[in-house]
2 protein chains.
Amino acid sequence: MKLRDNHSGDASPTPDDHIHGRGLRMTDQRRAVYDALMGQRDHPTAVEVFMRVKTKMPNISLATVYNCLETLTDCGIIKAVNHDREPSRYCPNLAEHAHLFCQGCGSVMDIPLRSNRRPQDIWDLPEDVSVVQHEVSFRGLCPKCATADAADTPPDTQKAPRTRSK
Amino acid sequence: MKLRDNHSGDASPTPDDHIHGRGLRMTDQRRAVYDALMGQRDHPTAVEVFMRVKTKMPNISLATVYNCLETLTDCGIIKAVNHDREPSRYCPNLAEHAHLFCQGCGSVMDIPLRSNRRPQDIWDLPEDVSVVQHEVSFRGLCPKCATADAADTPPDTQKAPRTRSK
DNA sequence: AGTTTATTTAGAATAATTCTTGATAAGCTT
DNA sequence: AAGCTTATCAAGAATTATTCTAAATAAACT
Ligand SMILES: [Mn+2]
Ligand SMILES: [Mn+2]
Ligand SMILES: [Zn+2]
Ligand SMILES: [Zn+2]
């Protein structure tokens, strides 16, 4: 028994529907890239996605991974996430959320929007602007690194951060 | 009569103070770069700063402009602003604020934080994270472009956007 | 089966930024 | 002032993430 088999019905649109809606095809490569993203709740770079997909599809090229990520992003079924000048990361969470970039372990975690809140609640946007998109990123320490830091730092046991700190 | 002549006193710290505080010097190049930013309330790229400074200091190199912008940023007297994969822009406004990137005219405008508001008001940050920085960017149409768009679009007079739209 | 169109791929190209290296200049020390 | 040390600058090379090009492949359509 297969669920969500959007042949004629109109349940919530699947990734395939979004792709088809643009006259594009859900190819093996695109699905593999999408699955690599859905598989873990992290935010891999294009190269990391490439490495993951390659284990299942050894002949895929990096250019194709870039192409697929762009296509999936354009179709609105994944999101590209940028922070400073670092390589783009990709995220399958379509809910409105911000990102915390941990400078301790290099991880990126989703920060949900509180219910019934809007960015306009805290930002003084002129009323006549039209906003299409907004992106929010925090930099700091994730819960794990923050507590480790609070406990370990007193005896001055500093662990090397994963991020470049000149 | 010169104002803010921080020789021995302790008025609010000048840009020079921040530089000196790091054992660095406020050179002609650094001041020229800083002045180029302060001169206009926009958000130029490194190359745009380079072009502005070059009119007053024809021998300055682009590498030096990059160096100066990095130094000024590290000293906390200007801010680097990033949006998607576009070239970094620089901003002399040290108040906490977001940015609206207008896809009509390519301008970047400051969006102030409403008084007595904090990002935590709308974002559900775990309590044990430690946040060092946060960056917020909106994409859309600035007031000028939004009103022009609302008025002109009906008779389908679309003007070419300054941003690449494939 | 033949035609059109989308997709993939490898490699070249691009563009922003950073790095390297040898001047040049500034600040101290004697 | 002369010498020493360190910071800064400048030109060009190098890096790196990403995009582009062109040819091969595959799917959809007639
Ligand atoms: Mn996310
Ligand atoms: Mn600004
Ligand atoms: Zn962490
Ligand atoms: Zn505008």
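What you see is a predicted model, and the numbers here were worked out from it, not measured in a lab. The sequence lines fix the lettering, A, B, ..., with proteins before strands; numbering per chain opens at 1.
- The side chain of R25(B) places no N or O atom within less than 4.0 Å of a non-bridging phosphate oxygen (OP1 or OP2) of dT8(D).
- Atom CG in D28(A) sits about 15 Å away from atom C1' in dT9(C), given to the nearest Å.
- Note on T27(B): only backbone sugar-phosphate atoms sit closer than 4.0 angstrom, heavy atoms only; bases stay farther off.
- Remark: the N82(B) side chain and the S88(B) side chain contain an N/O donor-acceptor pair separated by less than 3.5 Å.
- Here the P atom of nucleotide dT18(D) and the CG atom of L69(A) are 10 Å apart, to the nearest Å.
- Remark: C1' of dT9(C) and CZ of F50(A) are 11 Å apart, rounded to the nearest angstrom.
- Rounded to a whole Å, the CG atom of L62(B) is 15 Å from the P atom of dC19(C).
- Using cut-offs of 30° and 60° on the angle between ring planes, the pair H43(A) and H99(A) is perpendicular.
- Closest contact between the side chain of R30(B) and the listed nucleotides dT17(C), dT8(D), dT18(D) involves dT8(D).
- The nearest whole Å value for the distance from the CD atom in E48(B) to the P atom in dT17(C) is 11 Å.
- Residue N67(B) is out of contact with every strand shown, counting any heavy-atom pair closer than 4.0 Å.
- Taking hydrophobic clusters as Ile, Leu, Val, Met, Phe, Trp and Tyr residues chained together by side-chain heavy-atom distances below 4.5 Å, F101(B) does not share a cluster with V136(B).
- For the pair D74(A) and R30(A), the salt-bridge criterion is not met [side-chain N within less than 4.0 Å of a carboxylate O].
- The backbone N or O of H83(A) sits nowhere less than 3.5 Å from a side-chain atom of R89(A) that would complete a donor-acceptor pair.
- Per the geometry, CZ belonging to R31(A) stands 20 Å off P belonging to dA6(C), to the nearest Å.
- Residue E70(A) contributes atom CD, which lies 15 Å from atom P of dA6(C) at whole-angstrom precision.
- Salt bridge annotation for R139(B)-D84(B): present, with a cationic side-chain nitrogen under 4.0 angstrom from a carboxylate oxygen.
- Residue K79(A) forms a side chain to side chain contact (heavy atoms under 4.5 Å, CB included) with just one option from T73(A), L94(A), N93(A), L72(A), and that option is L94(A).
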Contact list (N/O, under 3.5 angstrom) for nucleotides 12-16 of chain C vs protein:
unit_1: dA16(C); atom_1: O3'; unit_2: R85(A); atom_2: NH1; d: 3.4

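- For Q29(B), taking side-chain heavy atoms from C-beta onward, the closest of the listed nucleotides dT18(D), dA10(D), dT5(C) is dA10(D).
- Between L24(A) atom CG and dA26(D) atom C1' there is a gap of 15 Å when expressed in whole angstrom units.
- The nearest heavy atom of DNA chain D to G23(B) and to A63(B) marks one nucleotide each, and the one closer to the 5' end goes with G23(B).
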